[in-house]
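All figures in this text were calculated on a predicted structure; none of them were measured in a lab. Both ligands and their constituent atoms are indexed starting at 1 by order of listing.
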Amino acid sequence: MNTVTALPELRAARRSLSGTVGFVPTMGYLHTGHISLVQAAMAECDHVVASIFVNPTQFGPNEDLAKYPRDLPRDLAMLEAAGADLVWTPTVEIMYPSGFQTWVEVEGLTRPLEGEIRPGHFRGVTTIVAKLFNAVGPDKAYFGQKDAQQAAVIRRMTKDLDFPIEIVVCPTLREADGLAMSSRNTYLNPGERQAATVLFCALSAAKSAFDSGERGAEKLRALVRKTVSAEPLAKLQYVSCADYDTLEELETVRCKALLSLAVYVGKTRLIDNFVIG
Ligand code: PAF
């Protein structure tokens, strides 16, 4: 596995890869969910390129940029074991050199949910992903369903800016008790870790009501609220039952919908979602 940092080195290494390239962009501190993206890319492409970059522009001023977990040697060992061919680990100075003033912004899809709570977050995501796409030039790029809105926003950006890249969204990987895998789970103390299963329990309660015939979106949201409020360590930030494509809140679930929530467990903010319908 080749690991590069400078942009010219990345470009040279990329040119030496013939055939199709699958790309897995990450912010590091990898877990099995990231590795499943690498495996999906390996199954579908001739080569796999991954990037590790904790992107400062997608963190708000009061968010966890400074304490975001990092362990480059461990990440590289995991990527090598998974079979990645090339890993790009750019620095902040490489991605945002002095004088940087160009941004990529998707409009409507970034307004609700995470976009409403985290202003500027998606502008940071789309800007960095566009730069990564330009530099790596992959055929396919792999993202997790856990960040469902991010995947929708990146799909929109890819289409709108004519990137010749197929966006592949892979299923959320979960711990045995249902907690969605996330680098941020490492912030949880043992009590909070147990409490964090409330996200999965709340989504499951709403999903089983849906499976039993409930189609009222507010009824489903109310079930999520009720389940989360029963967990003393958890505080619901939002619950949404929205159209899968537009992310507009629904009154009635008639076709594919995204049931999503954000919850503070102690000081840690966690998100999760189920697709229903
Ligand atoms: O999902 C992530 O880890 C990040 O948002 C991404 C896509 C790597 C951009 O920094």
Of all the non-hydrogen atoms in the protein, which one sits nearest to atom 3 (O) of ligand 1, and at what distance? M27 CG, 3.6 Å
Measuring from Q58:CD to T127:OG1, what's the distance to the nearest 0.5 Å? 10.0 Å
If we only count N/O pairs under 3.5 Å, is N55 in contact with ligand 1? no
Close-contact set for ligand 1 against I128 heavy atoms, below 4.0 Å: 9 (C), 10 (O)
For atom 9 (C) of ligand 1, what is the closest protein heavy atom, and at what distance to 0.1 Å? Q58 OE1, 3.3 Å
Determine the minimum heavy-atom distance between D243 and L250, stating which atoms define it. N-CG, 3.5 Å
Ligand 1 versus T26, non-hydrogen atoms closer than 4.0 Å: side chain, backbone, both, neither? backbone
Looking only at non-hydrogen atoms, which of M95, K146, Q150 approaches atom 2 (C) of ligand 1 most closely? Q150
Near E107 CD, under 6.0 Å, is it more than 12 heavy atoms from other residues, nucleotides or ligands? no
Given I276 and D211, is the side chain to side chain contact (heavy atoms under 4.5 Å, CB included) satisfied, shown in steps? CA-CA 9 Å; I276 55 172; D211 289 343; 6.0 Å; no
Just do the side chain to side chain contact (heavy atoms under 4.5 Å, CB included) check on V153 and V125 with the steps written out, would you? CA-CA 9 Å; V153 167; V125 169; 6.0 Å; no
